[in-house]
Amino acid sequence: MERCDDMSTVNLLKDQLVEERKSFIVVKGRQKNQLKCEADSIAGCVSQRACVYCGARVVLNPVTDAIHLVHGPIGCASYTWDIRGSLSSGSELYRNSFSTDLKENDVIFGSEKKLARAIDELVEKYNAGLVFVYSTCVVGVIGDDLEAVCRAAAKKHGIEVIPVQSSGFIGNKSAGYRAACDALLRLIELPAGKLPGRTAGSGGRSVNYLGDFNLAGEAWIITNYLKSMGVDVNVVFTGDATHQSLKKAATASLNIMQCAGSMAYLARRMEELYGIPYLKVSFLGLEDTSASLRKIAAAFKDPEMMRRAEELIARETAGVRPVIEQYREKLRGKKAAIYVGGGFKAISLVKQFREIGIDVVMVGTQTGREEEYQTLHDIADDGTVILDDANPSELEKFMLEKGAHLLVGGVKERPLAYKLGVAFIDHNHDRKHPLSGFVGAINFAREVYSTVCSPVWKYTRGMGGVLHAQE
Amino acid sequence: MHRNEVNTRHCRNVNENPCNMCMPMGGILPFKGIEQSMVIIHGSQGCSTYMRRHIAEHFNEPVDVGSSSLNEKGTIYGGAGNLKQALDNIRKVYRPRLIGVLTSCLAETIGEDIDGIARDYLHERGLADFPLVTVSTPGYGGSHAEGYWLAVKRIVAKLARPTEKHAGINVIVPNLSPADIREIKRILELMRVKYTLVPDFSDTLDSPYTRTYKKIPEGGTRLADIEQMPGAAATIQLGVTVDESISPGHYLQNEFGVPLYNLPVPMGIENTDLLVNLLARLTGGKIPVILEQERGRLLDCMIDSHKYNARGRSVVFGEPELVYAVVKVCVENGVFPAVVATGSRSARLEELLKPVVAECPLEVRVVNEADFTRIRACCRDMGVNIAIGHSDGKYLTEKEGIPLVRTGFPIHDRVGGQRLLSVGYVGTTMFLDRITNTLLENKLKNYRSSMYQKFYRGVEENNQCSVGS
C-alpha cells in the first residue's frame, strides 16, 4: 500500500478514533507536539498495557535466587510463569511461579494466615534468603496487612521478605516499576563505614548497570564490553542479579541506566541516598552502543579507559559494519512502525532503523514519559505518527495508512502484523536472542531482513501463485 | 496390583507452578466463537492484556478483548462509569452484534452488580434488545475450565427463545482446537446432521489469511441459530466432567425439555464410536462408508503401534474434559497412565476415571487441583516416561527428561496449537502417531548409549595393555 498524504492522516485522526484517544496521538510537523502520556488507559480501548503487578514482576523476576510469591488468586501467577527470557548464571529459583492461590473463602475471611503459612512452607523447602511477595487486586481490596506478615516472616526465618505493592488497580504498568524499585531499595545496604549520601567514588571503577534484564544474555554481553574497558559491573538491575549482589549495590561509584522507564526512579533515589550519580545509556544499535561506551569512559575521566573504549568500538564496528551494510542495501526505503513498552527502546529503535536504511513512519509506547516523547518528536521525520498507549485498531489504521512494511512489538502485536501482511520484529522480554551491543546489532539487522524480505510475502501480495478459479 | 489413589489437597497454602488458569480466561474463548461478538473484562487493565497475550500466543491470531480499566477511583466508588464507557468505545470501534461482560476478581470483590449496570446501560442507550451477556467469573471462583462452561451457558441462556420444534441437533463443545472443531463439523456433515455447534471458533481463532483485515474475524455460531436451540431434537454436549450448575446442555434440558446426551470428547475408538453411533441413532441414517474406513485405519494404526506404545508410562494433565478423553486413548492403546492430573477441582473426573483406571495393570495416581511441582514429583515416583498435556508441562522435559506431547491449551512454545487435530477416528490416529513417535524418538535417541552403559563391561583388566605404566 502506498503512503498517503499526511493531511489525510490528520483527518483520519479527527474522524475515526475514539474521542478521548485523540489527544494521545500526534503527527509530526502537522500538529503541535502536545502529546498526552503517563495517564490511565481509557476503558474499552483495548490498551496493549498490562497492570501494576506486571510492571513489578517484569523488573523483579530476573532476581534469580529469590522466591517470587504472588499473593492472590491463581491467574496472576499463571500468566507470568517463566514467560521471559532472562538468563541466570546460578540459581533457577526465579523460574518458578508461586501463588497463595486464593479461593472464595480466603477473600471473605482474609488471607494473612495463609500467606504466612505459604512463606513458611516455601522458605523451608527452598532455603532462600529472599522472598518477594507481590500484592494483587484482591489483596489490595480486602486489606491484608502485607507489611506486617512480611515483617513477621522475615524475623521468624532471619531472611529478607519484601512486600511489593502491586495491586493492579492502583495505577498503570509504570506504578509497578516504581513498586519494584521500592522493593529493591529496601534490599540495598549502606556500605560499612560510609555515611548516607557519601558513597560516590568509593567503588573505584565499578558501576551498577540498571535496566537490563539479561534477556538472552544481554547483560553478560555488555558486562564483557565494560570489562575490556577496565570497568567492573558491580550488579545488574536486575538481570542475573542475586540477593547478595543487590545488597552491595551502594558500593558502586556510578549507575549506568538503560531502561529509564523502569529504572529512573531507582537511579534518582540511589543518588539521593548514596550519592551515586547516574548516566543514561543504551546498547541498542551501533550508534547508541558506541556513544554509550564513550560516555561511560568519559565519566571516569580516564584517558586509558577512553583509549580502550575506542579500541573496542573500532574492533567491534569493523566486524559489524560490513554485515550491516549488506543488509542496508537490501532494506533501503522500507518503512517501519514501532510499538514497544518504554520510551528508551523506541528512541533507540528509530536510530537503529536509520542505520539499516529504514524510515520510521509510526512510533508509540505503552508507558513512555513526556521527555522521551519530546525526544521522539525531535528525531522523527515529518509525517511520523507518534502515539501513546495505542490499541490494535489504531495500530492497524496507522500501519496501513502509512504503508509500513514491518512492525516492532511484543507477543500481542505479532499476529496483528501478520494478519495485515506486515513483517514483524519481536522486541519483547520472551525473545531468545540478544539484540544488545554489537552482536545484537547484527542480530537485529538479520531479523529485519529475514522478516521483511521473506519469500512468503510474494504469495500474500498476490505476486506468486494463484488459484485457477481466481485467475 | 491396583492401588488407585485419589489425591486431593483442598487446603494447600501455596500453588507451585500452576496447572490451571483463572475463570475469566476460560470465559473469553466461547465469546470468540460467536459471530460478530466482542468481550470486555470488568477489572483492572492487566487481566485482559495477560489473557489476550496467552490466547494470542496459542492461536497465533489477534485477540482483542476490552477492559473497563478500573483504577483506584473506580475501585473505591464503583466501576459502573468505567464499564459503560468501555461498552460505548467497544461498540464504536468494533460494531459488535453481541458483547460479553466478564467479571474479574477485583470487580467481584468490590461487589459490582454487572447485571444491574448492564440493564441500566441498555436502558440509557435505548438498546433494549442488544444482547449483553454478563458472566460472573471471579478468578478465585474456579479455573478457566469452569469459566469456559459458564460463559457458554450464559450465552445460550441469553439468546435462546422458546421456538418451534425442529430436526436440528445442538452440539456443545469444550475448549478444543479449531482443527478439532472443524473435524467434528465434518463428521456431522458426513452424517447429514443439521446442527448448531456452540461455540464455534474454528474460523475466528484460525482464520485464513485474506487481503482485507477484519477487526472481528468472519465465522462463529450465528446468533439466530442459538435462538433456535430450544427447538432442537436433542443436545449433544461433549462435557461429561461438567457440573450441572454450569452445563449449557442441562440448561436447555431443564428450561426447554431438549433431550441431553452428554458424551466425552470423541478421542479414542470408544469415545468416537459413542458419538457416531448416537448420531446414527438420532438421524436414523446409516454410517457412511468413509467413516467406517477411517475407523478401520485407526484400528490399523493401533495394531501397528501397539508394541511401541506398550513401553509408554504416561502422565496426562490439563482441563478435566480433555484429560478424561486423553486417558481413554492411552488406556485403549496400552500407554497406561501412571499419573493423571488436573489443576481444576473436578469430582466428576475422579468418578469417571475409576472404571478406566481399574483397567490399568499398574498403580495410577489421580491428582485433583494439581500444580506442576506436585505433578513432577508424582512423575518421578511413578517412573513416567511420556507426558501428554499443554505447554506448561515443559519442565517435565527440561528438568526430568520426560518428553512432552503437546495437546490442549495453552501451547505457547510451539507453533500450530490451533491446527492440532486429535478428535474423531482421523484425529485420534494422528494423535496416537504423535504419542508413538515421541516414544520412538526417545528410545532411538538413547538406546545405544543406554545399552552400552548397562551391559558393556570392557575387556578384562589383566588383559589390557599397560603402555607407559
Side-chain angles (χ1 to χ4, degrees), chain A residues 18 40-54 69 72-81 83 96-104 106-107 114 117-118 121-122 136-138 140-142 168-172 392-393 396 410-412 414-416 418-421 460 462, chain B residues 12-18 20-22 24-25 40 43-54 56-57 59-72 74-75 82-83 85-90 92-93 104-106 109-110 138-141 143 207 209 211 213 215 373 392:
Chain A
V18 168
D40 284 345
S41 298
I42 293 160
C45 283
V46 195
S47 166
Q48 307 290 89
R49 279 178 185 165
C51 58
V52 182
Y53 161 70
C54 170
L69 172 60
I74 199 67
C76 309
S78 269
Y79 308 133
T80 49
W81 173 25
I83 59 170
N96 295 297
S97 208
F98 302 114
S99 168
T100 49
D101 195 359
L102 297 186
K103 299 288 198 287
E104 192 138 20
D106 302 315
V107 175
K114 190 174 191 185
R117 287 194 300 264
E121 265 183 37
L122 290 170
T136 57
C137 290
V138 169
V141 172
I142 62 176
F169 58 87
I170 61 170
N172 62 31
S393 53
E396 173 202 346
V411 176
K412 292 181 304 296
R414 188 199 303 140
L416 174 66
Y418 287 170
K419 276 286 186 280
L420 294 171
T460 62
Chain B
R12 156 188 64 189
N13 294 313
V14 57
N15 183 313
E16 303 181 28
N17 298 336
N20 60 293
M21 293 163 281
C22 62
M25 163 68 99
I40 295 172
S44 76
Q45 180 60 49
C47 306
S48 75
T49 303
Y50 271 134
M51 293 172 205
R52 286 174 61 205
R53 181 195 184 282
H54 246 63
E57 212 167 32
F59 292 98
N60 280 295
E61 294 285 327
V63 176
D64 290 4
V65 177
S67 169
S68 60
S69 308
L70 273 184
N71 51 21
E72 200 143 26
T75 301
N82 280 62
L83 181 53
Q85 186 187 21
L87 286 162
D88 277 343
N89 285 334
I90 289 291
K92 174 171 179 181
V93 174
S104 63
C105 308
L106 178 60
T109 309
I110 63 174
Y140 49 76
S143 74
S207 69
Y209 179 83
R211 296 295 290 280
Y213 177 71
K215 287 184 176 51
T373 299
D392 287 340

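Proteins get letters first, then strands, A, B, ... in listed order; numbering begins at 1 in each.
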Are the side chains of A/Lys419 and A/Glu396 in touch, meaning some heavy atoms are under 4.5 Å apart? no

Looking at B/Leu70, B/Ile40, B/Thr75, which one has more heavy-atom pairs under 4.5 Å with chain A than the rest? B/Thr75

From the list A/Ala77, A/Ser41, A/Ala50, the residue making the most non-hydrogen contacts under 4.5 Å with chain B is A/Ala50

For B/Ser48, what residues pass the side-chain contact (heavy atoms from CB on, under 4.5 Å) criterion, not counting sequence neighbours? B/Ile41, B/Gln45, B/Val65, B/Ser67

One option among A/Val138, A/Val52, A/Thr136, A/Asp106 has the most heavy-atom pairs under 4.5 Å with chain B, and it is A/Val138

Proximal component of B/Thr49, with respect to chain A [non-hydrogen, under 4.5 Å]: both

Those residues that, when tested against A/Thr80, pass side-chain hydrogen bond (donor to acceptor under 3.5 Å, both in side chains) (two or more places apart): A/Tyr53, A/Arg57

Counting only heavy atoms closer than 4.5 Å, note whether B/Asp392 contacts chain A via side chain, backbone, both or neither. both

When the 4.5 angstrom heavy-atom criterion is applied to A/Leu69 and chain B, the contacting part is side chain

Per-residue tally against chain A (heavy atom, under 4.5 Å) across B/Ser68, B/Gly66, B/Ala56 peaks at B/Ser68

Is it the backbone or the side chain of A/Asp40 that comes under 4.5 Å from a heavy atom of chain B, or both, or neither? side chain

Kindly indicate, with the supporting measurements, whether the criterion side chain to side chain contact (heavy atoms under 4.5 Å, CB included) is fulfilled by B/Asn15 and A/Phe98. CA-CA 6 Å; B/Asn15 183 313; A/Phe98 302 114; over 6 Å; no

Considering only heavy atoms, which portion of A/Glu121 lies under 4.5 Å from any heavy atom of chain B: side chain, backbone, both, or neither? side chain

Please evaluate residues B/Met51 and B/Val63 with respect to the criterion side chain to side chain contact (heavy atoms under 4.5 Å, CB included), reporting the C-alpha separation (whole Å), side-chain torsions for both, the decisive distance (0.1 Å), and the verdict. CA-CA 9 Å; B/Met51 293 172 205; B/Val63 176; over 6 Å; no

Closest approach of B/Asn89 to A/Cys45 (non-hydrogen atoms, all atoms of both residues): ND2-SG, 3.8 Å

I want to check something: taking the side chain as every heavy atom from C-beta on, are B/Glu16 and A/Leu122 in contact at a cut-off of under 4.5 Å? yes

Looking at every heavy atom in both A/Lys114 and A/Thr100, which two are closest together, and how far apart are they? NZ-O, 3.0 Å

Ranked by heavy-atom pairs below 4.5 Å to chain A, first place among B/Thr109, B/Asn17, B/Asn60, B/Asn20 goes to B/Asn17

Which heavy atom in A/Val107 sits nearest to a heavy atom in B/Tyr140, and how many Å separate them? CG2-CD2, 3.5 Å

Only pairs of heavy atoms separated by less than 4.5 Å count here; which of B/Pro24, B/Ser143, B/Ser104, B/Cys105 has the most with chain A? B/Cys105

Under 4.5 Å, counting heavy-atom pairs only, tell me which of A/Gly75, A/Gly140, A/Ser97 racks up the most with chain B. A/Ser97

Quick one: are A/Tyr79 and B/Met21 in side-chain contact, heavy atoms under 4.5 Å? yes

A/Ile42, part contacting chain B, at a heavy-atom distance under 4.5 Å: both

Select one option (side chain, backbone, both, neither) describing which atoms of B/Thr373 are under 4.5 Å from chain A's heavy atoms. side chain

Of the listed A/Gly171, A/Cys51, A/Pro415, the one with the largest count of heavy-atom pairs under 4.5 Å with chain B is A/Pro415

Checking B/Ile90 against chain A: side chain, backbone, both or neither under 4.5 Å from a heavy atom? both

Relative to chain B, which of A/Pro392, A/Cys137, A/Ser99, A/Gly168 shows the most heavy atom pairs under 4.5 Å? A/Ser99

Looking at B/Asp64, is its backbone amide N or carbonyl O close enough to the side chain of B/Lys215 to form a donor-acceptor pair, meaning the two atoms are under 3.5 Å apart? no

Tell me, out of A/Ser47, A/Cys76, A/Ser393, who's got the most heavy-atom pairs with chain B below 4.5 Å. A/Ser47

